[in-house]
**Student:** 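My structure is below; once you've seen it, I'll send some questions.
On a predicted model such as this, the values are computed, not experimentally measured, just so you know. What you see below is based on every heavy atom in this structure, not just the backbone, and it leaves out hydrogens, waters and symmetry mates.
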Amino acid sequence: MTKVTLISGSTMGSAEYVAEHMAEILDELGYETEIQHGPSLDDLTLEGLWLVVSSTHGAGDLPENIQPLFESIQKESPDLSKVKFGAVGIGSSEYDIFCGAIHKLDSLLSEKGAKRIGECFEIDVQQHEIPEDPAGEWVKIWANELWFGY
């Protein structure tokens, strides 16, 4: 059974809810899931599948609970070449920097050797009042891509 570690960065809880919803769907599809809300680098296995979900705070900033992970990866520069990941951002198109946090995370993970599977998925809360709905549809497509990209 393939394991997916869902990593969420959230200020108000929306990314946590989205991660939990996607974990339920992945479980139904036969994946083993583990959810880490704002983990430290030491909490993570530096291989396998990660699904990173982050809201954006302020002007494209990372939520406080995922900032330490981001800084640890920057500072310690771990080899993430054995990590494949998906990226889901939650933001509002009302702001100048839309989904800035997930783009920062996506760039950093790629820079450290991780390979993204699928496109970086952006959820606009102006179009989707319940972000779990589009995330649930996207994760089914992403899970199908795992068969080809993993």
Side-chain angles (χ1 to χ4, degrees), residues 1-57 60 62-63 65-74 76-93 98-125 127-150:
M1 182 182 319
T2 303
K3 180 180 177 183
V4 178
T5 301
L6 292 98
I7 300 165
S8 73
S10 190
T11 300
M12 303 293 286
S14 60
E16 291 178 7
Y17 300 139
V18 167
E20 290 167 2
H21 181 66
M22 289 191 300
E24 289 174 11
I25 291 170
L26 288 168
D27 289 338
E28 290 171 7
L29 294 173
Y31 292 89
E32 177 186 347
T33 59
E34 173 188 14
I35 301 174
Q36 296 274 344
H37 298 305
S40 70
L41 187 56
D42 292 337
D43 294 331
L44 300 170
T45 303
L46 303 183
E47 61 182 31
L49 283 169
W50 293 0
L51 182 48
V52 183
V53 183
S54 182
S55 60
T56 295
H57 179 71
L62 296 163
N65 74 332
I66 205 163
Q67 186 71 38
L69 173 63
F70 185 86
E71 291 171 359
S72 292
I73 293 172
Q74 279 184 318
E76 297 175 30
S77 198
D79 175 12
L80 300 180
S81 62
K82 294 181 181 177
V83 172
K84 295 189 180 178
F85 72 100
V88 177
I90 303 167
S92 172
S93 59
F98 176 61
C99 287
I102 198 63
H103 292 293
K104 288 176 183 177
L105 288 160
D106 177 58
S107 293
L108 180 64
L109 294 175
S110 296
E111 176 186 311
K112 302 305 178 189
K115 180 183 179 230
R116 182 170 25 87
I117 296 175
E119 295 298 315
C120 184
F121 184 59
E122 299 172 343
I123 300 170
D124 185 353
V125 297
Q127 295 178 11
H128 302 282
E129 187 176 320
I130 302 171
E132 292 91 328
D133 292 343
E137 294 305 311
W138 177 86
V139 78
K140 293 173 190 172
I141 296 165
W142 185 75
N144 191 45
E145 291 181 31
L146 293 178
W147 292 104
F148 302 105
Y150 188 62

**Student:** Within the structure provided, determine whether K82 and T45 are in side-chain contact (heavy-atom separation under 4.5 Å).
**Tutor:** no
**Student:** Test side chain to side chain contact (heavy atoms under 4.5 Å, CB included) on V4 and M22 and set out the steps.
**Tutor:** CA-CA 10 Å; V4 178; M22 289 191 300; over 6 Å; no
**Student:** In Å, rounded to the nearest 0.5 Å, how long is the span from CG of N65 to CD of Q36?
**Tutor:** 11.5 Å
**Student:** For K140, give me all partners under salt bridge (charged side-chain N to carboxylate O under 4.0 Å, His left out), at least two apart in sequence or on another chain.
**Tutor:**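 Per chain and number, K140 pairs via salt bridge (charged side-chain N to carboxylate O under 4.0 Å, His left out) with E137.
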**Student:** To the closest 0.5 Å, what do you measure between CD1 (I66) and CD (E71)?
**Tutor:** 11.5 Å
**Student:** Would you say the side-chain atoms of T2 pair up with the backbone N or O of Y31, donor to acceptor, closer than 3.5 Å?
**Tutor:** no
**Student:** Could you report the tightest heavy-atom contact between A19 and I35, atom names first, then the distance?
**Tutor:**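 Scanning both residues completely, I find the closest heavy atoms to be O-CD1, 4.4 Å.
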**Student:** Please check this pair: side chain of D124 against backbone of S92, looking for a donor-acceptor N/O pair closer than 3.5 Å.
**Tutor:**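 Not at all, since once roles are kept as given, no pair shorter than 3.5 Å links the two residues.
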**Student:** For S14, does its backbone N or O pair with a side-chain atom of S10 as donor and acceptor, under 3.5 Å?
**Tutor:** yes
**Student:** When you check the side-chain N and O atoms of H37 and E20, is any donor under 3.5 Å from an acceptor?
**Tutor:**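 Yes.
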**Student:** Once salt bridge (charged side-chain N to carboxylate O under 4.0 Å, His left out) is applied, do any residues pair with E34, and if so which ones, sequence neighbours excluded?
**Tutor:**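 Once residues adjacent in sequence are excluded, the partners of E34 under the salt bridge (charged side-chain N to carboxylate O under 4.0 Å, His left out) criterion are K3.
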**Student:** Are H57 and L62 close enough that some pair of their side-chain heavy atoms sits under 4.5 Å apart?
**Tutor:** no
**Student:** Is there a side chain to side chain contact (heavy atoms under 4.5 Å, CB included) between L46 and D79 once you walk through the steps?
**Tutor:** CA-CA 8 Å; L46 303 183; D79 175 12; over 6 Å; no
**Student:** Provide the closest heavy-atom pair for S55 versus A101 in the form atom of the first, atom of the second, distance.
**Tutor:** O-CB, 3.2 Å
**Student:** How about L41 and P78: do any of their side-chain heavy atoms sit closer than 4.5 Å?
**Tutor:** yes
**Student:** Side chains of V139 and L26, heavy atoms from C-beta outward: is any pair under 4.5 Å?
**Tutor:** yes
**Student:** To the nearest 0.5 angstrom, please state how far the CD1 atom of I130 sits from the CD1 atom of I123.
**Tutor:** 12.0 Å
**Student:** Looking at K112 and S107, would you say the former's side chain and the latter's main chain have a donor-acceptor pair under 3.5 Å?
**Tutor:**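 No; zero donor-acceptor contacts below 3.5 Å.
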**Student:** Report the distance from atom CG of D43 to atom CG of L69, rounding to the nearest 0.5 Å.
**Tutor:**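 The distance works out to 9.0 Å.
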**Student:** Over all heavy atoms of both residues, which pair between I117 and W142 is shortest? Give the atoms and the distance, please.
**Tutor:** O-NE1, 2.9 Å
**Student:** Are D42 and S40 linked by a side-chain donor-acceptor pair shorter than 3.5 Å?
**Tutor:** no
**Student:** Does any part of the side chain of S110, heavy atoms only, come nearer than 4.5 Å to the side chain of F85, both counted from C-beta?
**Tutor:** yes
**Student:** Would you mind telling me which of V83, L146, T5 makes a side-chain contact (heavy atoms from CB on, under 4.5 Å) with L49?
**Tutor:** L146
**Student:** With side chains defined as the heavy atoms from C-beta onward, is the minimum distance between S8 and Y17 less than 4.5 Å?
**Tutor:**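 In short, these two side chains do not touch, never coming nearer than 4.5 Å.
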**Student:** Does I7 reach the side chain of L51, with side-chain heavy atoms less than 4.5 Å apart?
**Tutor:** no
**Student:** For a quick test of reading the model, state the closest non-hydrogen atom pair linking A15 to G9 and the distance between them.
**Tutor:** CB-O, 3.2 Å
**Student:** For the pair D106 and V52, evaluate side chain to side chain contact (heavy atoms under 4.5 Å, CB included) and give the outcome as yes or no after the intermediate values.
**Tutor:** CA-CA 9 Å; D106 177 58; V52 183; over 6 Å; no
**Student:** Hey, could you give me the NZ/OG1 distance between K104 and T56, rounded to the nearest 0.5 Å?
**Tutor:**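 Going from the NZ atom of K104 to the OG1 atom of T56 covers 8.0 Å.
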**Student:** Testing the basics here: between F98 and H103, what is the closest heavy-atom pair and its distance to 0.1 Å?
**Tutor:** O-CD2, 4.0 Å
**Student:** Only counting residues at least two apart or in another chain, list the ones meeting ring pair (Phe, Tyr, Trp, His ring centres under 6.0 Å) with W50.
**Tutor:** none
**Student:** Please report the shortest heavy-atom distance between G118 and E145, naming the atom on each side.
**Tutor:**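 Reported closest heavy-atom pair: CA-OE1, 2.9 Å.
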